[in-house]
2 protein chains.
Amino acid sequence: MTTRRIKNMDEFAGLVGISRPTISKYFNDPDRVRPSTRLKIEEALERYDYRPNIFAINQNRRLTKNIGIVVPYLADPFFAEIARVLERRCIDAGYTPSLFSSHGQQSLENAILDSLRSIKPAGVLLAPLGRISDKKHIEAFCRDVPTILFDSNIEGLGAGFVGSDNFSFVSQTVEYLSRTGSTPSFFEMKNPANPNANKRREAYLKMMNRLNLEPHVISIEGEGWNFEEIGRQGALNVLNGKKLPSNSVLCSNDRLAIGLLSACHELGIKVGRDDTCHIRVASHDDHPYSRFTCPSLTTAAHDYESVSSHAVETLFRLIESGGRLDKREEKLFAARLIMRGSA
Amino acid sequence: MTTRRIKNMDEFAGLVGISRPTISKYFNDPDRVRPSTRLKIEEALERYDYRPNIFAINQNRRLTKNIGIVVPYLADPFFAEIARVLERRCIDAGYTPSLFSSHGQQSLENAILDSLRSIKPAGVLLAPLGRISDKKHIEAFCRDVPTILFDSNIEGLGAGFVGSDNFSFVSQTVEYLSRTGSTPSFFEMKNPANPNANKRREAYLKMMNRLNLEPHVISIEGEGWNFEEIGRQGALNVLNGKKLPSNSVLCSNDRLAIGLLSACHELGIKVGRDDTCHIRVASHDDHPYSRFTCPSLTTAAHDYESVSSHAVETLFRLIESGGRLDKREEKLFAARLIMRGSA
DNA sequence: TTTTTTTATTTACGCGCGTAAAATAAATAT
DNA sequence: ATATTTATTTTACGCGCGTAAATAAAAAAA
């Protein structure tokens, strides 16, 4: 490799002895030039350090190879993990993903979409804030940019949605708890940030009805994405005041459960499934930390792999078909019950 | 706002009745055009929906307004949190941050730096992997791109380093534990991924020596960034086998401590500071989850605000001075002891 | 070998903007 | 009012590449 720096494709083309447009074709698809030409280019690429200017490329291409990935809250390891997998798959497919977090704020979600527009992405994978999303804004965005929603569905928005089947989560946990001798109460935020929470409450009510058990929904106060603290405070209020309606609590999600476990520990309430324990606690999501809580958390796990791979595949299909799908696609994946110490 | 779409600055300039270069100047700095001209432009901006093409801008500017933020592991809420603050500050200063996670892999860290090069960033905030970083690669990168290291220092690399003072962390926790009646053992990974870990061990040994106490370092096996599981396995081995050298354990970082607490719970070892407890546990970092462990974790907190603001300020200063600082700057911030239930 | 078809390469133009240098207008001094 | 200085604006050029249309080369058919 020569130390000489090549400033543009023209210069590189001169060095190879081929016209610049042919070099350009090579970079867009090495198979679209003659093998002998390809060889010459790749030999030169070994000798000289040249890379096309990404800004010039993106300015001239009708569509970039950029993909936007937007999650509502990146400090939540659940989203960090799914973002990691999505990034990986985009890179493997030759795209350039950019990761953004709305940090739970509508204004930021809107700003991210605006700035995404300016990088003319081929497509966007969006996990919206949900209830507090600016639906008009997202709708306008989706009209211009091929977008697949994931994690949290907003009816009618985007070309499709890929997520987990909330009923599958709740039905398994409710069935497990009741089969093993408990009548679960449902512990949730009164004003959940995420639409999945509502679906989970509905699923709980439906399952309890189906099993002929009396449902008890414990709705706690709190706003925002600081779920652990909200869960802890809510649990302290509930546990300090009256007795729980039953000796088993099913949390809407793991982060609330983490807060609940923290409150139980503070109050000396022993959680677990053996006889010495006061209550059982189960939850949903299989949060990365749920196996390290004390006790470890019985929960229902997302099928990360399926959700992420299907989301990416759907987006690629959407991009290849010019940004339009025949009809909005929805795909839900079932959960898997993970039995641990808490229930 | 008219529905008409404006495709370029030329067209917009025509609509305003001013030449394009003047419009260009306005977008780079509204104060550099005559007030009357500015008014005309801003009135037109209200009426028409026009935004300069970011790719064309970046292609032609000698330096972009992009800033790269690279963290070793985004699924760690600690880094997610600091990345959030850094992003915010960059945006407020008129820059466009891009967030990347090395996911604990050297190859990824290298790839991220390579792709960062291609977006010609004004500067980069890099929290390197540390021990497993490809130092040559980072060094070459830093020669071309103004870079400030944060969180984890690599001697001599980058124009500066901003982080926390590991001795401040450890001295406070060791002092606290010993003052309140315990002789802390130090719980750490034998081959820590992060250079901070080595500094913390050294600080522990120094403090114990200064206090005339006998040090005990418990070095557990394990590779990678899955610290909680490593801590849990290591703790199970230690606790199952021999007795602990003392009834108080100081963990190198909170994530290991979370694993340790999990192991203690499994084994029925009660953690806390009152008489009914078997051991006390303290740690370092004030991880976002450390207040929700059972019991809540006594730890030493980073000064997030100071570290992030100083990192960003140093980078801006570096950028403004043309990418060179007189000498490599190092700045460390002291920790703050957070007393909770575990010790 | 010559003609036709297919594939690859080159020519020519444009993308949307930054920016130095030249021209003009405004402000100040005479 | 005129000359000088200073602040703005315009002219003119270039950035590095994509791409349609024109040309040339290779492959296939006659």
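Within every chain, numbering begins at 1; the chains are lettered A, B, ... in the order of the sequence lines, protein sequences first and strands thereafter. Since the model is a prediction, treat every value here as computed from it, not as a measurement.
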- Message: Test: ring pair (Phe, Tyr, Trp, His ring centres under 6.0 Å). Region: residues 73-112 of chain A. Which pairs qualify, not counting sequence neighbours?
- Response: A/Y73-A/W225, A/F78-A/H302, A/F78-A/Y304, A/Y95-A/F316

Which donor-acceptor pairs under 3.5 Å do the side chains of residues 6-18 of chain A make with protein atoms, sequence neighbours left out?
unit_1, atom_1, unit_2, atom_2, d
A/N8, OD1, A/D10, N, 3.2
A/N8, OD1, A/E11, N, 2.9
A/E11, OE1, A/K7, N, 3.2
A/E11, OE2, A/R4, NH2, 3.2

- Item | Residues that B/N58 engages under side chain to side chain donor-acceptor pair (under 3.5 Å), provided they are two or more places apart | none

- OH of A/Y26 versus P of D/dT19: gap in Å, rounded? 18 Å

- Who pairs with A/T22 by side chain to side chain donor-acceptor pair (under 3.5 Å), at least two apart in sequence or on another chain? A/S19

- A/Y50 side chain near D/dC17 phosphate (N/O to OP1/OP2, under 4.0 Å): yes

- What's the CZ-P distance between A/R61 and D/dG16, to the nearest Å? 18 Å

- Which residues share a salt bridge (Lys or Arg N to Asp or Glu O under 4.0 Å) with B/R88, sequence neighbours left out: B/D92

- Just by modelled atom types, is the B/R20 backbone N or O under 3.5 Å from a matching donor or acceptor in the B/S24 side chain? no

Are any protein N/O atoms closer than 3.5 Å to N/O atoms in nucleotides 27-29 of chain D? If there are, list each pair with its distance.
none

- Note on the structure: Taken in chain and number order and not counting sequence neighbours, the residues that satisfy side chain to side chain donor-acceptor pair (under 3.5 Å) with B/D31 are B/R38

- What is the bend of the helix from C/dT1-D/dA30 to C/dT30-D/dA1 when you compare the axis at one end with the axis at the other, using five pairs each and rounding to 10°? 30°

- Euclidean distance, atom CD1 of residue A/I57 to atom C1' of D/dT19 [Å, nearest integer]: 14 Å

- Item | Counterpart residues, side chain to side chain donor-acceptor pair (under 3.5 Å), relative to A/E81 (two or more places apart) | A/R84

- Touch class at under 4.0 angstrom, heavy-atom based, for A/N28 against every strand present: sugar-phosphate

- Query: Rounded to the Å, how far apart are A/F55 CZ and C/dG18 P?
  - Reply: 13 Å

- Could you give the CZ-to-P distance, from A/F12 to D/dG18, as a whole number of Å? 13 Å

- Here the gap from A/N110 atom CG to A/L113 atom CG, rounded to the nearest 0.5 Å, amounts to 6.5 Å

- Could you tell me whether the phosphate oxygens of D/dG18, OP1 or OP2, come under 4.0 Å of any side-chain nitrogen or oxygen in A/S24? yes

- Item | B/I23 CD1 - C/dG18 P separation (whole Å) | 11 Å

- Specify the separation, in whole Å, of atom CE of B/M9 and atom P of C/dG16. 11 Å

- Assign a letter to each nucleotide of nucleotides 7-15 of chain C from its 5' end: B, base within under 4.0 Å of a protein heavy atom; S, sugar-phosphate only; -, no contact. -SBBBB-BB

- Item | Exam field: side chain B/S36 to backbone B/R34, donor-acceptor pair closer than 3.5 Å | no

- Task: Report the residues that fulfil side-chain contact (heavy atoms from CB on, under 4.5 Å) with A/S321, sequence neighbours left out, ordered by chain and then residue number.
- Result: A/L325

- Base, sugar-phosphate, or nothing: which does B/N58 touch, judged by heavy atoms less than 4.0 Å apart? nothing

Would you tabulate the side-chain donor-acceptor contacts of residues 151-163 of chain B under 3.5 Å, counting partners in other chains and residues two or more places apart, or write 'none'?
unit_1, atom_1, unit_2, atom_2, d
B/N153, OD1, B/R328, NH2, 2.9
B/N153, ND2, B/E330, OE2, 3.3

- Rounded to whole Å, CG of A/D29 lies from P of D/dT19 at a distance of 12 Å

